[in-house]
> 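Just passing along the structure, written as C-alpha cells.
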Amino acid sequence: LEYLADPKVSKLKVSRRDMAFCLSQGLNGGTTVSSTMICSHTAGIPIFITGGIGGVHRGGHDTLDISTDLTELGRTPVTVISSGIKSILDIPRTLEYLETQG
C-alpha cells in the first residue's frame, strides 16, 4: 500500500482496454470497476463492493464519453454492489444508458 501511495511511483488507471498492456509491460495501476469485474470473474469471485461506478460523462451526448463500467456490467457475470453513479457524471443519462442496455 505504501508503494502504491508513493507519488514517485508511476501508476496508471487500468480499465478493460489497458489490462493487457499494463500486464505485458509490468506496470502498476489501479483498476476501474470494469477491470475489477474481469479480475473477479477470472479468479472465481462472484461479487464485489465498490464506492461508485462510472457512467456517462457530462457532455457525453456530444463526445460519447461513456465509462466501460456500464458495458462491462452487461458483459461479465459478476455482481457489483455500489453506492451508485459517481456524482460528477451525468446521472440521468447514465440511468438512461443502463436502462437501454438492460
Side-chain angles (χ1 to χ4, degrees):
L1 191 55
E2 289 179 19
Y3 176 77
L4 290 174
D6 186 341
K8 297 175 189 157
V9 175
S10 178
K11 299 166 271 303
L12 300 174
K13 177 181 176 182
V14 183
S15 192
R16 170 185 266 276
R17 70 172 186 189
D18 311 305
M19 290 177 70
F21 174 76
C22 189
L23 289 169
S24 71
Q25 301 299 308
L27 301 173
N28 299 301
T31 57
T32 63
V33 169
S34 65
S35 56
T36 302
M37 288 180 71
I38 294 166
C39 294
S40 294
H41 179 63
T42 301
I45 300 169
I47 185 169
F48 75 90
I49 299 170
T50 185
I53 63 169
V56 177
H57 290 256
R58 293 175 194 240
H61 55 285
D62 293 324
T63 64
L64 299 179
D65 190 357
I66 300 169
S67 171
T68 58
D69 293 357
L70 300 182
T71 52
E72 205 64 49
L73 287 168
R75 189 182 280 170
T76 304
V78 171
T79 300
V80 178
I81 298 173
S82 167
S83 62
I85 302 157
K86 295 175 184 168
S87 62
I88 62 167
L89 301 171
D90 188 329
I91 294 173
R93 282 198 168 86
T94 299
L95 293 173
E96 182 63 32
Y97 184 91
L98 287 170
E99 180 183 326
T100 300
Q101 293 298 309

> Could you list all the salt bridge (Lys or Arg N to Asp or Glu O under 4.0 Å) pairs where at least one residue sits in residues 86-102, not counting sequence neighbours?
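Sorted result for residues 86-102: Asp90-Arg93.
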
> So which residues get pulled into Val9's cluster when ILVMFWY side chains under 4.5 Å apart are joined, directly or through others?
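Besides Val9, the cluster holds Tyr3, Leu4.
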
> State which residues pass salt bridge (Lys or Arg N to Asp or Glu O under 4.0 Å) with Asp18; sequence neighbours excluded, sorted by chain then number.
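If we apply the salt bridge (Lys or Arg N to Asp or Glu O under 4.0 Å) test to Asp18, skipping adjacent residues, there are no hits.
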
> Quick one: pull up OG1 in Thr94 and CZ in Arg58 and give me the separation to the nearest 0.5 Å.
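Going from OG1 on Thr94 over to CZ on Arg58, the span is 9.5 Å.
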
> Please go through Ile38's hydrophobic cluster and name the other residues, only I, L, V, M, F, W, Y counting, with side-chain heavy atoms under 4.5 Å joining them.
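Besides Ile38, the hydrophobic cluster comprises Leu12, Val14, Met19, Phe21, Leu27, listed by chain and residue number.
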
> Please collect all side chain to side chain donor-acceptor pair (under 3.5 Å) contacts where either partner lies in residues 34-50, sequence neighbours excluded, each pair once.
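Found Ser15-Ser34, Thr31-Thr36, Thr32-Ser34, Thr32-Ser35, Ser34-Thr68.
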
> Checking one residue: Val78. Which other hydrophobic residues are in its cluster under the side-chain 4.5 Å linking rule?
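Hydrophobic cluster check, Val78: joined to Val33, Met37, Phe48, Ile53, Val56, Ile66, Leu70, Leu73, Val80, Ile85, Ile88, Leu89, Ile91, Leu95, Tyr97, Leu98.
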
> Could you tell me whether a side-chain N or O of Lys11 sits under 3.5 Å from a main-chain N or O of Asp6, the two making a donor and an acceptor?
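Pair found, side chain donor or acceptor close to backbone of Asp6.
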
> Cluster partners of Ile47, using ILVMFWY side-chain heavy atoms under 4.5 angstrom, listed by chain and number?
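In the cluster with Ile47 are Ile49, Ile81.
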
